[in-house]
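Just so you know, ligand 1 is whichever comes first in the structure, and atom 1 is the first atom listed for that ligand.
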Amino acid sequence: MAALVVQKYGGSSVADATKIKHVARRVARERDAGSDLVVVVSAMGDTTDHLLDLAASITDEPDAREMDLLLATGEHISGTLVAMALQAIGVPAISLTGAQAGIRTDTTHGKARIANVDPSRVREEIARGKVVIVAGFQGSTGDEHRTGEVTTLGRGGSDTTAVALAARLQADRCEIYTDVEGIYTTDPRVVPDARLLPVIGYEEMLEMAQQGAQVMQTRAVELGWVNGVVIAVRSTFSDHPGTLIKEVSAMELRDKVRGVALDRKVAKVTLVGVPDRPGIARGIFDPLAAAGISVDMIVQNVGHAGTTDLSFTVPAVELPRTRKIIEPIVKAEGFRDLVTADDVAKISIVGAGIQNAPGYAARMFGALADAGVNIGMISTSDIRITCIIPSADLDRAARALHAAFRLEAPEAVEGGVGRV
Ligand code: ASP
Ligand code: MG
C-alpha cells in the first residue's frame, strides 16, 4: 500500500502565486514517489492579520461567530489555489474546507478544540486518486451542538489540523513545512551560533513552544505527543531533513539542556501592599481566569506587617485587559499600588535532562550574572528554568546561556549521553 503523508504548509510557504506553484511541485514530487497525500494549508502570508484588522476597522467588538466565518476564508483561498496549481501540472487534486474534511470541534469560537475527525470524505478522495488539500485552522461544530457552525482553532491552528489528521488517518509521516530549516537550539536571529536540532522530545518541544519558540503551535505538539505522531519540521525551500519531534529515549535525555527559549511579549504586574489573608489570591486570579487571561509566573513575597507584594506575568497583549480587571480590585481591597511593566522578557533553558541533574539553576544564574543581567523573577518546571529579565538584556542573555551550556557544539550522538 502507498504511504500516506500529511504535509502542512505555513502562511509564508504559500504567500504568493510563485510560492504556491513551488508547493505544488513539491507535493507532486512526493506523489511521484508513490505516496498518497493530504496537504493542509495556512492562509497566504499575513492574510489572517489583515482579516483581523479589517474586522477591527468595522467594530471594536466583532461577533465571535462572524469572526470565525471571516477568518476561515483565508485558508479557503490558499486551499483552492494550491488545488488549482496541482491540477495545472497534471496532478488530480481537490480542496476541502475544514468542515468538509470532517474536523469537528466544540463551540468555542476563536479557540475551538477538535472533538473528533470524521475521515470518510478525505479517504474517499484519496481512493479516487486525488491529492486532498485541507484548509487548516478551522472546523465545524459537531453532533451534540448546533451543527455546521464554522469555528477556528486559535492562531497557528493549521499545525493542529495537520497533526489531528495525521493521527486519525494513521499517516506514515506528518511534515510541517515552514520558512526555517527546523527547530533550533535558540532563535538564530539572536544567536548566530544556534544549531539545528535533528531530534527533540515532545515534552521539550512543548516547553520550548510554551516559553516562546514560535515554530509550532503548542496544541499541535501536545496532540502529537498524546497520539504518538512523529512530526517532522522542515523548510519548504530546501531538502534539509529538518527536525523530528518524537519520543526520545531516557538514555538520550540524560544530563543536557536542549535549547534556550526566548519570549519578548511578556508583561509583569506587581501588586504592592496586598493584605496578607486568605482569599486575596483567589480574588485576583479568579477574574483573570474567567476572562481567559493566562497568568504565567506568580511570585508572592513573605508577608511583613500584615501585607505582602505579589507579582505575576501575562502575555503583553493581555496587559490592557489585565489592568482593567485588576484596577477595581486594587481600589476595593485597598492595595497600596499597582505597577505594570512591559519592558521585560522571559528566557528559559529547556531540557529533559534538567530533572535528573542538580546544578542547572546555579549555572544559569551564574551565566546571567557574568553577563550583567539582573533576574527579576524565577520559575521552574521539571524540565525548564525560566527567568524574567529586562527586555533590553534579552539578546545578551541568550548568547550567554547558549555559550554556557555549549549548545553550539554538535553532539557525538545526537541527544548524546553525558555531555554538558
Ligand atoms: N492562518 C492562521 C494564523 O495565521 C492559522 C495558521 O496559520 O496556522 O494564525
Ligand atoms: Mg503558523
Note to self: So if I count the atoms of ligand 1 from 1 in the order they appear, which ones are less than 4.0 Å from some heavy atom of S42?
What the structure shows: 6 (C), 7 (O), 8 (O)
Notebook entry, point to check: Relative to ligand 1, is Q217 under 4.0 angstrom through side chain, backbone, both or neither, heavy atoms considered?
Noted result: neither
Checklist line | Sub-4.0 Å heavy-atom contact, G157 with ligand 1 | finding: yes
Next item on the list: Answer yes or no: are there more than 12 heavy-atom neighbours, outside R26 itself, under 6.0 Å from its atom CZ?
Entry: yes
Notebook entry, point to check: When only distance counts, is E75 in polar contact with ligand 1, meaning an N/O pair under 3.5 Å?
Noted result: yes
Margin query: Using a 4.0 Å cut-off to any heavy atom of R155, which atoms of ligand 1 qualify?
Written below: 3 (C), 4 (O), 9 (O)
Notebook entry, point to check: If you measure from each heavy atom of G156 to ligand 1, is any distance below 4.0 Å?
Noted result: yes
Notebook entry, point to check: So, does R168 use its side chain to make a donor-acceptor pair with the main chain of D118 at under 3.5 Å?
Noted result: no
Check: Considering residues at least two apart in sequence or located in another chain, which fulfil the side chain to side chain donor-acceptor pair (under 3.5 Å) criterion with R264?
Finding: D395
Next item on the list: Specify whether Y360 and F405 have parallel, tilted or perpendicular ring planes, treating 30° as the upper limit for parallel and 60° as the lower limit for perpendicular.
Entry: parallel
Check: Who pairs with R282 by side chain to side chain donor-acceptor pair (under 3.5 Å), at least two apart in sequence or on another chain?
Finding: none
